[in-house]
Amino acid sequence: MSQEDANLEARLEEQEAFDPPESFVEQANVTDPGIYEEFEENWPDCWERAADLISWDEEYDTVLEDGDAPFYEWFTGGELNASYNCLDRHVEDGRADEAAIEWVGELGETRSYTYDELLAEVNEFAATLRGLGVEEDDVVTLYMPMIPELPIAMLACARIGAPHSVVFAGFSADALATRMNSADSEYLVTCDGYYRRGDALDHISKTNEGLEGVEHEVSDVVVVDRLGDDLEHSLADNQHDYDELVADYEGETVEPVSRDAEDMLFLMYTSGTTGQPKGVKHTTGGYLAYTAWTSRAVLDIEADDTYWCAADIGWITGHSYIVYGPLALGTTSVMYEGTPDYPEKDRLWQIVEDYGVDIFYTAPTAIRAFMKWGKEYPEKHDLSSLRLLGTVGEPINPRAWKWYYKHIGNEECPIVDTWWQTETGGMMITTLPGINTMKPGSAGPPLPGIDARVVSASGEEVDAGQAGYVTVDKPWPGMLRTLYNNDERFINEYWREYSDEETDEWVYFPEDGAKIDDDSYITILGRVDDVINVSGHRLGTMEIESAVVGVDGIAEAAVVGGDHEVKGEAVYVYAIPEDGYDADAELEERAVEGVLDSIGPIAKPEDVVFTPELPKTRSGKIMRRLLEDIASGNELGNTSTLRNPGVVDDIAAQVEES
Ligand code: 6R9
């Protein structure tokens, strides 16, 4: 390292607060610090500012309807169509020839869709879905990787008022079946396969295996041909080739259906405390207004920008900030099919340079990988088009933040560290990039109008410097409305903990721990439930445990998250073999297979440790904390409350050996 570099590193390391660069502030969408007070004084009508970013077919009568809390309703009486808002209105505004989606395939091919072209594709696929018999309110499952047909299908569903349920393509056949069963979904759009690191991956076999587990009749399956001759496969009677089917509807248009603001736009399944994934329900008006508003205020998106969220549309981040928010604002959204290190570790920076990306949004796990690969990769490229950087999905450590700030942003781009969840629909806690000082590692204050706090177990706000739990004490437009077909679980999961049902005061509990700083900034510490965060992806330990226990030869298992340098957390399995089975490499392999089959490669265990016993309290509960400490290589906590304290040392010794 040169002396100059070393000085710079030393300066950065010490610096704890960063003011937004002047050049950014001068042009930012939101710059008046008075916005916080304005929202507070004018709550809930302040949210009309978000609703004003949307075109309504029918104006709403009421901003917030809280008569049946916590089943809140937003912008009631209003009617709108999300696909109209993301497409038609921009075409009508004379922006037909502006790029809506710039797609980059892993093998190097590109596809560019102007707003006019995207609208035409969406119209044709909407007509196709109608032709298959899809009606308003039928849930259509989309099991697709990062190919343009995915956002096209989402917007086509939105156009005809059919909620979509996107299942991440990396999820297993079982996961597809569970979600289709839960949503009673009779239609599926999928593809033959896709490319990963240059290899053609078979997706249709996995799809077919999943379909075998669907308990009701599936009317139609539409299959996008992504691999051409690279994969031979046959189609069953109810399966149709996407292109052939759509060809029958060439040039057709479909009038966007006016949806009630509170009609469901989509379902998104996410992991929770129990083994069953939760079907988070988002509605049309509040969600679209909220994602558009946060895209504008936090990501600073303008129509003329080229914006890139390098997430997968199979997760909420991609729904809100690749598709709905950015397209509602009429910007250009970049979509990349592949991995960041294929063919080389500078792939993303090549794309930033090629497209002149203005705004880049990714996860800390990716940033830690970039750091590991080295600054020479971004240095090969001209990244001067960048104006703003963002992160999402997990806490970012200050070192990674500073690396991102310096080596990607050249100290000229503010970073927004945005805390939010599948359930919140959009960002909740983050700095506003044109207003607030940034503190690496701390997400920042709650957004204007968001009443997030850090409280103790009994619900009292904690003092500065103290840790506690995040709560949100007032509703917001992007919030989930319920868990699909399960109002009771909705109340139990999110509202029971801190609400006072007698006085009808409802408090949302996101199940995250946090610390409050003396300037009211919130530092998120992580999940406080049985959910672990692997590379920014949310996984339920219970789901993984049931997969492991489902393997022949395994009697009991405990799954925990342990610290991991790049992934943040990684999956560690502790398992007791059944009598008569050897704790050998074969059993370990089958345990890993079990997880891959029931969830997918993202949940792949880092290590499987066999043990004759698991550490348990006297009441028989597995002490996960201790296993987490072992997995993370931490000092072991108190073991005196255990029924079987000796087992902990045995396990720890075994882990050290391996
Ligand atoms: C958007 C998304 C939600 C969980 C959430 C929290 C963690 C998300 C974060 C963050 C620290 C951030 N999380 N953003 N933790 N800082 N900026 O990731 O949704 O997949 O539902 O995960 O992710 O623990 O509760 P989702």
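Just so you know, ligand 1 is whichever comes first in the structure, and atom 1 is the first atom listed for that ligand. When a residue number appears, it is its place in the shown sequence, counting from 1. Computed from a predicted structure; not experimentally measured.
- Gly561 and Ser632 get closest at one heavy-atom pair: O-OG, 4.5 Å.
- Between Thr270 and ligand 1, no pair of N/O atoms sits closer than 3.5 Å.
- In this structure, Tyr498 and Val455 have side chains that are in contact, with non-hydrogen atoms separated by less than 4.5 Å.
- Distances from atom 7 (C) of ligand 1 to the heavy atoms of Gly318, Gly393, Gly425 put Gly393 nearest.
- Protein heavy atom in closest approach to atom 22 (O) of ligand 1: Arg538 CD, 3.4 Å.
- Under a 4.0 Å N-O distance rule, the pair Glu423/Arg538 qualifies as a salt bridge.
- Which parts of ligand 1 touch Asn533 is read off a 4.0 Å heavy-atom cut-off, strictly below it: atoms 7 (C), 23 (O).
- Within the 4.0 Å heavy-atom cutoff, Trp315 does not count among the residues contacting ligand 1.
- The cationic atom of Lys439 (NZ for Lys, CZ for Arg) lies less than 6.0 Å from the six-membered ring centre of Tyr521 and within 45° of the ring axis.
- Surrounding CD of Glu13 are at most 12 heavy atoms belonging to other residues, nucleotides or ligands under 6.0 Å away.
- Neither the backbone nor the side chain of Thr430 has any atom closer than 4.0 Å to an atom of ligand 1 (non-hydrogen atoms only).
- Side-chain contact between Leu267 and Val280 is absent, with no heavy-atom pair separated by less than 4.5 Å.
- Looking from atom 21 (O) of ligand 1 to the surrounding protein, the closest heavy atom is Thr422 OG1, 2.5 Å.
- Between Thr418 and ligand 1, at least one pair of N/O atoms sits closer than 3.5 Å.
- No cation-pi contact links Arg49 to Phe39, judged by a cut-off of 6.0 Å to the six-membered ring centre and 45° from its axis.
- Within the model, atoms CD of Glu505 and OG of Ser499 stand 9.0 Å from one another, a figure rounded to the nearest 0.5 Å.
- Set against the non-hydrogen atoms of Val392, the atoms of ligand 1 under 4.0 Å away are 1 (C).
- Between Thr317 and ligand 1, a contact under 3.5 Å exists for no N or O pair.
- Near Ile316, the atoms of ligand 1 lying under 4.0 angstrom from a non-hydrogen atom of the residue are 1 (C), 19 (O).
- Among all non-hydrogen protein atoms, the one lying nearest atom 2 (C) of ligand 1 is Trp420 O, 3.7 Å.
- Listed by number with element, the atoms of ligand 1 under 4.0 Å from a non-hydrogen atom of Ile524 are 11 (C), 15 (N).
- Residues Tyr469 and Val528 have side chains in contact (heavy-atom distance under 4.5 Å, counting atoms from C-beta outward).
- At under 3.5 Å, not a single nitrogen or oxygen of Glu423, backbone or side chain, sits near a nitrogen or oxygen of ligand 1.
- Distance from atom 5 (C) of ligand 1 to its nearest protein heavy atom, with residue and atom name: Asp512 OD2, 3.4 Å.
- Contacts between Glu394 and ligand 1, counted as non-hydrogen atom pairs separated by less than 4.0 Å, involve the backbone only.
- For Phe71 and Phe490, the ring centers are positioned less than 6.0 Å apart.
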